[in-house]
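Note that the coordinates shown come from a computational prediction; the quantities given were computed from them, not determined experimentally. In what follows, every chain begins at residue 1, and chains take the letters A, B, ... in the order their sequences are listed.
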Amino acid sequence: MDYKDTLNLPQTDFPMKASLSVKEPERLKKWADEKAYEKMLSVRDRNNPYILHDGPPYANGDIHIGHALNKILKDIIIKTKALEGFYTPYVPGWDCHGLPIELQVDKKLGSKKAEMSKSEIRKECRKYADKFIDNQRQGFIRLGGFGDWYNPYITMDYKYEAKTLQELYRFFDNGGVFKGLKPVYWCTSCVTALAEAEVEYDNHTSTSVFVKFPMKDAFKAKFGLKESDRVSAVIWTTTPWTLPANLGICANAELEYSIVKVTDTCNKNLAAGEYLILATELIKNLAETFHMHAYDSVKTFFGTELEMVEFKHAFYDRVSLGILGDHVTLEAGTGLVHTAPGHGQEDYEVGLKYGLEILNPVDDHGRYKRNVELFAEESIYKAGPKIVELMDEQGSLLSHSDISHSYPHCWRCSKPVIFRATPQWFIGMENNDLRKNVLSELKKVRWTPAWGENRITAMIENRPDWCISRQRSWGVPIAVFLCEDCDEVVTNHDIQERVLAAFREHGADAWFDMDNSAFIPEGTKCPKCGGTHFKKETDILDVWFDSGTSHAAVLEERPELSWPANMYLEGSDQHRGWFHSSILESVGTRGVAPYKEVLTHGFVVDGKGRKMSKSLGNGVDPKEIINKYGAEILRLWVAAEDFTEDVRISDDIISRLVESYRKIRNTARYLLGNLYDFNPDTDMVDFKDMLDLDRFALVRWQTVKKRIYEAYDKYQLHVFYHSFLNFCIGDLSSFYLDILKDRLYAYKPDSRERRSAQTALYTIVKEMSIVMAPVLCFTADEIYEYIPSSKEKKENVFMEMFASVTEYKDEANTAKWQKILEVRKEATKALELARAAKIIGHPLDADIIIGSDEETAKALKADEGIERIFIVSEVKFADMNSMTDCHTSEDGKIKVKVTPSANTKCERCWTKSASVGHSAEHPTLCTRCAGAIA
RNA sequence: GCGAGUGUGGCGGAAUUGGUAGACGCGCUAGACUUAUGAUCUAGUGUCCUAGACGUGGGGGUUCGAGUCCCUUCACUCGCACCA
């Protein structure tokens, strides 16, 4: 008789091979058909919400590995919170306005763009963004994330655009906004502002000049000079046309400067006896440039001495103020930098610091304005040489020459661009104490990792006013009217409501398409000058303002959501981006942070820690991994890595994860395979009636579960990964399940011994599927399907709750098994040595003799027989002092001797037992097996 | 350049307050089993030629003792834009 058929071997249709790339799409469809996300929410308490507010990705390009990290992480947290019982609606979003899309559309339109109206261009941009939203949506869904994917928030939705404007109006109403000047790249040929991305660097020949700025008499004494002494600071510039805008001379506080007295020179604009101020280190070279044949250094000092010292402009009767800036170096020039706050970024910043005027004497077409002395209405390009000539004539020019250097040019017309101050709208950091209030709100937010708080705090402390205006087409217009006579902003509740209503109905295009009369009630007058003619502001908003208002446009508007968010979760770059703009907006309008907690992740880098780039060719495409291994592997990757730092990905890392996944899957498969005849409603054994080993297994699982819950709570997903995997490998596969085989296979199907084991297996596999569901959502749901039906079984795993941690009162048993584990370790070691020595093959060929102290020997008892625990045929005990020729533990407290068993092998369970032959009916079986098939 | 972060085996990651570095797992190498079988179990595995020595990016320092604290240096990542 073939007794194999009488064993209860595992049976299951749960496939060993996951075929994830094929099966995942099927499951996604199933979830969509069954409305799994909605059902997950339907069993939660709406009064107990957990809102993770999605930071909108930009609607451009395919999804990349960084998106995958971010979206998977969000989904894991959402599912974790859902399984904890929270109501967790997730509304994904997309950021749609902005330059990158406009530039793409520009490229597509080419020269046609010039003939198109603003709203025609905007329609093209909208089409473009729509396409990528759909594209990215499919990519995100494929990752397994739950959410309201077909009803997302989109910053170009009409209602969202209206809401964005409404938020802006709040700033206008509370005095948070002002109009100022700020330098931008400007093409005088195309008459437009340019972005950095629209600027190309190319060689350009400029005239470089060295110019004297005489020190005002009142300051000479400070440097030990008489009022009659001629002393000048010397500056250098390659853009002489910006000199009419000069308002300052910038020194570096840490550099050393000298006053030198000229004693011999052939420079016609320099006289013996004249004094010059120059950076000490550069004097030697400059002396040559200036034809200064001999000179004496009369005084040296640090740059700090020049702060607030007044100089006279080279050719205007105007003060140029001595100021300090870190950007001043000795690489070129004199160590003293000509500063025109209206014509340079650094000049602008340092100018703001010293309260200099942001002077811009140049108009849109590159001509000096009418009020500019000497050069009124002259083109700056033509005026350049004239300025040089003038300075040479009146004696302030020390030297000039042509130099060729890299200079920004317009990408459209290839002409050189200028840097020029233009009127801009700002949200003032000091208005309504915005900076102060944001800083105090930052402290109330929980930042993970903790250094995020320092990072964003430093940024808020140092940032300038927020420039929210852009001279572009694709965005939400700053929809306010200005008085044509006095430039005053004309806005009131009535006008605002009309504009907002038009936005809600027609989108922001209404601002460009509709006439002023549609928005301005008849009889409206400028509150300042009483004027009755108004013009539209046509600048659009910085897109950071769009996404910064999402807390208002989404959380406050959607009935299923609530404000503020529990969590914002993005990459660490968003300290500068969305975390930043959101809290500025929220505190500026509501005085409170829009989030309670901020979690950040690092960036995805390659296996060597380098960023991914096209030139290095080290990029990893999530689609490739999904198609080859499945999204589940990416999810496992997210969980396995410590995402608070930069996250590495490589073929090696992925193949490790594939192996881990197989282990988890096979463990689950084995558990399921042994439950084919188990009915949870009728076959469960009470804990107290279970075999001691099964009770121990359940106790172990509680410990692991607890650890995992704590890890989830702290977002330490890699702790979940390691604990969970180790439980599968260490506790189940190589220990508990290995021992259990005999009991599951050989006992009567409905025996207490077998049902006890199945009760433990059922509990563990069911709870495991729930615990792993946030991370391995595809596999968890698949496992859950195969779990034996019961009254309690839900439609899918996401409708479950995390099983609570049961505090079993079974300490004595647990302690006993700890002891057994120690001895078992020595036994397996001894068996391995015996196997190597060819004494035995399979451990069931062996008998072992254990020598130990009395206490340990007493503990070595198990309900099913201690030999089952060691998976040997027989265990005997002996006085350890009498044992020779055996394995001894390192501490000498345990001895194990292995001998081949002399008994006959039971044909059914392969144990060698003295009882084989006792049964007349089954002479080749042991008593246990004979009984089991009776 | 400035601000922030990170450097531990082939890989993921451990190391309470300064106290045996590399737990645990993967991988790899051997072996066992053929009743989880494209599975499962067991043992070994930082480096160097052994005794022994050396090892937490490099170099200094504090200390009886440093992955951990201090100084310095290098590498990588993020941010400093009309840029999402």
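- Spacing between B:G65 and B:A21 at atom C1', rounded to whole Å, works out to 14 Å.
- Here the two rings, on A:H97 and A:F545, have centers that are 6.0 Å apart or farther.
- The base of B:A84 does not come close enough to the side chain of A:S547 for any donor and acceptor atom to sit less than 3.5 Å apart.
- Residues A:L9 and A:K608 both approach RNA chain B. Their nearest nucleotides, taken by heavy-atom distance, put A:L9 toward the 5′ side.
- Nucleic acid contact class of A:D573 (heavy atoms, under 4.0 Å, all strands): sugar-phosphate only.
- Put simply, the residue from A:N70, A:T644, A:D642 that forms a side chain to side chain donor-acceptor pair (under 3.5 Å) with A:H601 is A:N70.
- Using a 3.5 Å distance cut-off with no hydrogens or angles, the side chains of A:Q758 and A:D677 do pair a donor with an acceptor.
- Where A:L7 and A:E832 meet RNA chain B, the nucleotide closest to each residue was compared, and A:L7 sits on the side nearer the 5' end.
- Nucleotides B:G12 and B:G18 have their P atoms positioned 28 Å apart, rounded to a whole Å.
- Residue A:Q574 is out of contact with every strand shown, counting any heavy-atom pair closer than 4.0 Å.
- By the 4.0 Å N-to-carboxylate-O rule, A:D539 lies too far from A:K179 to be salt-bridged with it.
- Across all strands, A:N674 comes closer than 4.0 Å to no nucleic acid atom at all (heavy-atom distances).
- Using atom C1' as the reference point in both B:A66 and B:G19, the two lie 10 Å apart (nearest Å).
- If you check every strand for non-hydrogen atoms under 4.0 Å, A:R908 touches a base.
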Listed pairs, N/O of protein and of nucleotides 3-5 of chain B, under 3.5 Å:
{"from": "B:G3", "atom 1": "N2", "to": "A:R455", "atom 2": "NH2", "distance (Å)": "3.4"}

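- B:C80 atom C1' lies 12 Å from atom CD of A:E346, rounded to whole Å.
- Computed from coordinates, the A:R576 CZ to B:C2 C1' distance equals 12 Å when rounded to whole Å.
- In this entry B:U63 has no Watson-Crick or G-U wobble partner, no candidate having both defining distances under 3.5 Å.
- Taking only side-chain atoms of A:I729, from C-beta outward, the nucleotide of B:U77, B:A32, B:G25 with the closest atom is B:G25.
- A donor-acceptor contact under 3.5 angstrom links the side chains of A:N60 and A:Y128, judged on distance only.
- Separating the C1' atom of B:G5 from that of B:G57 is a span of 16 Å, rounded to the nearest Å.
- A distance of about 13 Å separates the C1' atoms of B:G10 and B:U47, rounded to the whole Å.
- Using a 4.0 Å heavy-atom cutoff across all strands shown, A:A193 reaches at least one base atom of the nucleic acid.
- Minimum atom distance to the side chain of A:R648 is reached by B:G12, of the listed B:U35, B:G12, B:U37.
- Rounded to an integer number of Å, the gap from A:D606 CG to B:U77 P is 9 Å.
- The residue A:F603 sits close only to the backbone: its heavy atoms come under 4.0 Å of sugar-phosphate atoms, none of a base.
- If you check B:U77, B:A32, B:A39 against the side chain of A:M16, the one that comes closest is B:A39.
- Among A:L776, A:V638, A:L657, the single residue meeting the side-chain contact (heavy atoms from CB on, under 4.5 Å) criterion with A:Y721 is A:L657.
- Rounding to whole angstrom units, CG of residue A:D465 and P of B:A81 are separated by 15 Å.
- The side chain of A:K838 lies closest to B:A32 when the candidates are B:A32, B:C26, B:G12.
- The C1' atoms of B:A23 and B:A32 are separated by 27 Å, rounded to the nearest whole Å.
- Across all strands, A:G98 comes closer than 4.0 Å only to sugar-phosphate atoms, never to a base (heavy-atom distances).
- Among the heavy atoms of the strands, none lies under 4.0 Å from A:G577.
- To the nearest whole angstrom, the two P atoms, one in B:U73 and one in B:G3, are 13 Å apart.
- Minimum atom distance to the side chain of A:P100 is reached by B:A84, of the listed B:A84, B:G38, B:C41.
- If you check B:U77, B:U42, B:A14 against the side chain of A:H718, the one that comes closest is B:A14.
- Between the side chain of A:W578 and the base of B:A84, no donor-acceptor pair of N or O atoms lies under 3.5 Å.
- Taking atom P in both B:A84 and B:C71, the straight-line distance is 39 Å, to the nearest Å.
- Under the 6.0 Å distance and 45° angle rule, A:R824 does not count as a cation-pi partner of A:F870.
- Distance, A:H580 NE2 to B:A84 C1': 15 Å, rounded to whole Å.
- By the 6.0 Å contact criterion, CG on A:D651 is open, its count of non-hydrogen atoms from other residues, nucleotides or ligands being 12 or less.
- Here the nucleotide nearest the side chain of A:K829, chosen from B:G10, B:G13, B:A43, is B:A43.
- Using N1 to N3 plus N6-O4 or O6-N4 for Watson-Crick, or N1-O2 and O6-N3 for G-U wobble, each under 3.5 Å, B:G55 pairs with nothing.
- Figure legend. B:C49 is base-paired to no nucleotide; pairs are counted as Watson-Crick or G-U wobble with both atom distances under 3.5 Å.
- Here the side chain of A:R656 is nearest to one of B:A39, B:G10, B:C41, namely B:G10.
- Between the side chains of A:W578 and A:D95, no donor-acceptor pair is found at a separation under 3.5 Å.
- Checking B:A84, B:A32, B:C24 against every side-chain atom of A:N726, the shortest atom distance belongs to B:C24.
- Base-pair partner of B:A84: not found among the strands shown (Watson-Crick or G-U wobble, both distances under 3.5 Å).
- As a whole-Å value, the separation of A:I869 CD1 from B:C41 P is 17 Å.
- Heavy atoms of A:K182 sit under 4.0 angstrom from primed sugar atoms or phosphate atoms, though from no base atom.
- Listed candidates were B:A39, B:C78, B:U42. Nearest to the side chain of A:S734 is B:U42.
- With both pairing distances under 3.5 Å, B:G31 is matched to B:C41 as a Watson-Crick or G-U wobble pair.
- Aromatic pair A:H53/A:Y568: centroids less than 6.0 angstrom apart.
- The nucleotide B:G5 finds its pairing partner in B:C76, both defining distances of the Watson-Crick or G-U wobble pair being shorter than 3.5 Å.
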